[in-house]
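Values in this document were obtained by computation on a predicted structure and should not be read as measured data.
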Amino acid sequence: MRIATWNVNSVKQRVPRLLPWLDERKPDVVCLQETKLSDEAFADLLAGPLAERGYTFAHHGQGQWNGVALLSRVGLADVERGFPGQPDFADRAEARAIGADCGGVKVWSLYVPNGREVDSDHYAYKLSWLDALAAHAASGPGDVALCGDMNIAPADADLFDPAAYVGHTHVTPRERERLAAFGLVDVMRERWPDERVFSYWDYRAGMFHQDLGMRIDLVLASGPVAGRVRATWVDRAARKGKLPSDHAPVIVDLDVAPDGDIGPVVPPPSRPARGRRGVTLPQGSR
DNA sequence: ATGGTGGAGCATCCA
């Protein structure tokens, strides 16, 4: 079973990239984030193309911001939109979490709040949001995979240059502690312990071209799921070419790949490290 | 060079 997670940064803009990518990679379960559509608009846009490809789907949207979805060819049962105790921001519920049983695994598509500035209201919201998620994720006895844009780099190795992020969100101990508190396995880092591997590159200043990115899109799996992993990689090809998202998909194969390949013969997930110091982070970049 | 891009949508806000 192949699971993928991808922050598409507007699924409407990304349709010409998403549909060929589904045909090429043939994921069984897809977690999308930042769809930026209402449920109705998502269905109008994608119900036909997804049905043609054998996917059922569930979307949790709020219009122009946020929005998460699950696509599945292995079943989509017990769909949950949001999770118990999920906090609001400014008294408004945001569409940042959708979960379902897909092929025996409870899969969550998550778009963790950005946090904006350390110690801002939005940062406090991010921490409380993660606390509530931990309480819910820990409550289930079954196999679980938390997938999505966590807006946290688990370690300094997940940054092109740790010095560029001093004082920024995404790297603070309080955020990283929340990730660790899930008690789940970061399957990408387990598979590639010493590789330079990023999933997000700012659109600005040629960051992707220079491979100046960060790894914030994660698959966090419970032990039994992590034990089934045969391959894990970042699909950097999806970040290239015309009108890409600023994130690349993260792909995880459990047991065997959908085309029968046994995995894990895949290229290293990113380029070798090139010493780059003193690069100024684009303002607002996360 | 103290900027630079892209998506929401129409004035800015967000990442």
Inset, instruction - Counting heavy atoms from C-beta on, name the nucleotide in B/dA15, B/dT5, B/dG9 closest to the side chain of A/Y203. - result: B/dT5
Legend entry - Rounded distance (Å) that lies between atom P of B/dA15 and atom CD of A/E34: 8 Å
Inset, instruction - Anything under 30° is parallel, anything over 60° is perpendicular, the rest tilted; go ahead and classify A/W201 against A/F208. - result: perpendicular
Legend entry - Charged N-O contact under 4.0 Å between A/E195 and A/R215: no
Inset, instruction - Run the salt-bridge test on A/R204 and A/D246 with the 4.0 Å N-O cut-off and return the result as yes or no. - result: no
Legend entry - Candidates B/dA8, B/dG6, B/dA15 - which lies nearest the side chain of A/S10: B/dA8
Inset, instruction - Ignoring the backbone of A/Q13, work out which of B/dA8, B/dG6, B/dA15 is nearest its side chain. - result: B/dA8
Inset, instruction - Tell me which nucleotide among B/dG7, B/dG4, B/dA8 gets nearest to the side chain of A/A205. - result: B/dG4
Legend entry - Among B/dA15, B/dG4, B/dG7, the one nearest A/H122 by side-chain distance: B/dA15
Legend entry - Nearest-Å distance once atom C1' is located in both B/dA8 and B/dG3: 23 Å
Legend entry - Distance, P atom - from B/dG6 to B/dA1, rounded to whole angstrom: 24 Å
Inset, instruction - On DNA chain B, check which nucleotide each of A/N66 and A/T35 is closest to and give me the residue with the more 5' one. - result: A/T35
Inset, instruction - Tell me which of A/K12 and A/H247 sits closer to the 5' end of DNA chain B, going by the nucleotide each one is nearest to. - result: A/K12
Legend entry - Ring center gap for A/Y111 and A/W129 short of 6.0 angstrom: no
Legend entry - Phosphate contact (B/dG3 OP1 or OP2) by A/R204 side-chain N/O below 4.0 Å: no
Inset, instruction - For B/dG4 versus B/dC10, give the span between their C1' atoms, rounded off to a whole number of Å. - result: 23 Å
Inset, instruction - Salt-bridge test for A/R236 and A/D211: reply yes if a basic N is under 4.0 Å from a carboxylate O, no otherwise. - result: yes
Inset, instruction - Starting from C1' on B/dA15, measure out to NE2 on A/H168 and report it in whole angstrom. - result: 13 Å
Legend entry - Rounded distance (Å) that lies between atom P of B/dG7 and atom CG of A/N7: 12 Å
Inset, instruction - Taking atom P in both B/dT2 and B/dG7, compute the distance separating them and give it to the nearest angstrom. - result: 26 Å
Inset, instruction - Round to the nearest Å and state the distance from A/N9 atom CG to B/dA15 atom P. - result: 11 Å
Legend entry - Spacing between A/Y125 atom OH and B/dA15 atom P, to the nearest angstrom: 10 Å
Legend entry - Rounded distance (Å) that lies between atom P of B/dC13 and atom CH2 of A/W65: 10 Å
Legend entry - Syn or anti for B/dG9 (syn when the glycosidic angle lies within 90° of 0): anti
Inset, instruction - Return the value, rounded to whole Å, for the distance between atom CZ of A/R96 and atom P of B/dA15. - result: 7 Å
Inset, instruction - Write down the distance separating the P atoms in B/dT5 and B/dA11, rounded off to the nearest Å. - result: 24 Å
Inset, instruction - Grab the CG-P distance between A/L243 and B/dT5 for me, whole Å please. - result: 15 Å
Inset, instruction - Please report the shortest heavy-atom distance between A/P249 and A/W6, naming the atom on each side. - result: CG-CD2, 3.4 Å
